There are 2 protein chains.
Amino acid sequence: MVLLDDRTRADRLVSDVSADIINGAFAPGDRLDELSLADRYGVSRTPVREALRRLASSGLVDVRPRRGAVVASITPAKLAELFGAMAEMEATCARLAAIGMTPMERRRLEEFHASMRPLAADGDAEGFAAANLTFHTQIYAGAHNGHLAEIASGLRSRLMPYRRAQFRTPGRLPRSHEEHGAVTAAILAADAPAAHAAMLRHVSLVEESFEQLANGYGDRKQDAGSPDRA
Amino acid sequence: MVLLDDRTRADRLVSDVSADIINGAFAPGDRLDELSLADRYGVSRTPVREALRRLASSGLVDVRPRRGAVVASITPAKLAELFGAMAEMEATCARLAAIGMTPMERRRLEEFHASMRPLAADGDAEGFAAANLTFHTQIYAGAHNGHLAEIASGLRSRLMPYRRAQFRTPGRLPRSHEEHGAVTAAILAADAPAAHAAMLRHVSLVEESFEQLANGYGDRKQDAGSPDRA
DNA sequence: TCACGCTATATTGAATACAATATTTGGAGA
DNA sequence: TCTCCAAATATTGTATTCAATATAGCGTGA
């Protein structure tokens, strides 16, 4: 068999299963039994087990010894904490980026931000979401600290399942783009406190918009961890 | 076969191999081939592989796909990154503590800081180190965000091996206590930016003092984790 | 009817077997 | 002697098999 890249089956499983969790194919609380997963992805249990452990270490799934794995479900309090932590990490990266980004990094960030304008204007939620990730990742990289970047992006992907509809809120796209603009401007101006503040505000607003949605259809118990999907 | 506890073989391997790395049975850079480890610990390759992946996720070993695992050797650059990340996390917690600590938390922090004065004055390095951990932990807790606290304390403990001699530098104790004083004052005054700055400065100074020591010995096997004393 | 315990089944943990890739070693040719 | 290539070897990745534990279902007795 020919591998298309040099990743191992387990590597790809980590991506695939995360994707399926993130895009909702598996909901929080769902059981992830090894045999079904192996079957679903056409591999044996061995790489599935490896992938599950790795996902566990990133917080996306819970594995209970001898009792299997489930998609991690989070209480509202815990979720708020995670959002808060992410906001702080993002703000920290933005501050460091403002201080230390190279001229080329600054130029690329500026260009990339500009390139997102059409997506926001056209209401292309999917395209904007993808570009949004790139935007934030550029700022992680600009902090020039691999560990902070890793922590921040880990938090972001862990929260992804709970942010699925974030850009569906009416008017959210242009507002997000504006907030990106404030962050970008502060970074380009090397204004560290402003970059920190702008990013903190941006991420907190996204969170708020999430909460509105959650309250909107959550009404009964929040859907954060109900095994039955919405 | 009877298990003495409900941990799995892989669980115990994680502890055993970490211990062997920390106490120097395996030195940074050493290859960890699965067969030898399996043989050494009397198990098969399967749990060994699982343990290696987990150790990798905690940063203790490096696994290169299809090329085996080695004991992670932290380069000076990586170490600096880790220190930088820790400083940022601590500063963030201090900022949040300044904003959100309850009156009781503030009072306890103030009292605890005062209680450290004699330790600093008497040059009790060991006592001061223990109290120092408590001081910082109080601030993590004061941030009222369990995740941030977890990240910060994880970084702190991961760096502990490299900071063992930090309070041996002449005059470091009283200076540390002074810096704690600045942090405490800012938190009590609910001055968030000042708390952030004071903590960043404090941790960075500790790092500097470490670097002075580190320049003493090269990157040959550092005493990265001699289990003796704190 | 309910509680309890036992058996049957399902699922995970570990060991072994097999496949694929990386590394080493030896030799051929310049 | 040195370089390069190829076969041999070693080591990791994956599949399969076996073992141990957890869960579910059933029956029995009070």
Side-chain angles (χ1 to χ4, degrees), chain A residues 1-18 20-21 25-73 227-228, chain B residues 1-18 20-21 25-73:
Chain A
M1 174 174 191
V2 175
L3 294 176
L4 293 174
D5 52 30
D6 62 352
R7 292 193 304 167
T8 124
R9 282 166 168 69
D11 287 335
R12 267 169 294 161
L13 275 173
V14 170
S15 319
D16 291 353
V17 177
S18 316
D20 280 345
I21 291 175
F26 298 119
D30 279 2
R31 224 157 159 273
L32 297 171
D33 82 284
E34 300 172 355
L35 213 55
S36 314
L37 290 178
D39 189 44
R40 174 184 177 113
Y41 297 104
V43 297
S44 77
R45 280 178 53 217
T46 310
V48 168
R49 283 176 64 82
E50 186 178 327
L52 286 177
R53 304 311 158 104
R54 278 204 249 168
L55 291 169
S57 81
S58 82
L60 221 51
V61 313
D62 279 343
V63 300
R64 294 99 26 109
R66 298 178 200 284
R67 303 189 50 204
V70 299
V71 178
S73 54
D228 55 2
Chain B
M1 174 176 189
V2 176
L3 293 177
L4 293 174
D5 53 31
D6 62 353
R7 292 193 305 168
T8 139
R9 280 167 170 68
D11 287 334
R12 267 169 293 159
L13 275 173
V14 171
S15 320
D16 292 352
V17 178
S18 327
D20 280 345
I21 291 176
F26 299 118
D30 280 2
R31 264 192 110 242
L32 297 170
D33 83 285
E34 301 173 354
L35 213 56
S36 313
L37 289 178
D39 188 45
R40 175 184 178 111
Y41 297 103
V43 297
S44 78
R45 278 180 54 216
T46 309
V48 167
R49 282 176 65 82
E50 185 178 328
L52 285 177
R53 304 310 158 105
R54 277 204 249 168
L55 291 170
S57 82
S58 84
L60 221 49
V61 313
D62 279 343
V63 299
R64 295 101 23 112
R66 298 179 201 285
R67 304 190 49 206
V70 298
V71 178
S73 46

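These numbers come from a predicted model, not from an experiment. Letters A, B, ... mirror the listed sequences (proteins, then strands); counts begin at 1. The basis for the numbers below is simple: all heavy atoms, side chains too, and nothing from hydrogens, waters or symmetry mates.
Residues satisfying the side-chain hydrogen bond (donor to acceptor under 3.5 Å, both in side chains) criterion with Ser57(A), sequence neighbours excluded, are absent altogether. Every residue two or more places apart in sequence or in another chain that forms a salt bridge (charged side-chain N to carboxylate O under 4.0 Å, His left out) with Asp11(A) is listed here: Arg54(A). The side chain to side chain contact (heavy atoms under 4.5 Å, CB included) test applied to Ser18(A) returns Val14(A), Ile22(A), Leu55(A), Leu60(A), not counting sequence neighbours. Applying the side-chain hydrogen bond (donor to acceptor under 3.5 Å, both in side chains) criterion to Asp33(A), with sequence neighbours excluded, gives Ser36(A). Legend: residues meeting side-chain hydrogen bond (donor to acceptor under 3.5 Å, both in side chains) with Arg40(B), ordered by chain and number and at least two apart, are Asp20(B).
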Notebook entry, point to check: Once each nucleotide of nucleotides 7-14 of chain D is scored for protein heavy atoms under 4.0 Å, what B/S/- sequence comes out, 5' to 3'?
Noted result: ----SBBB
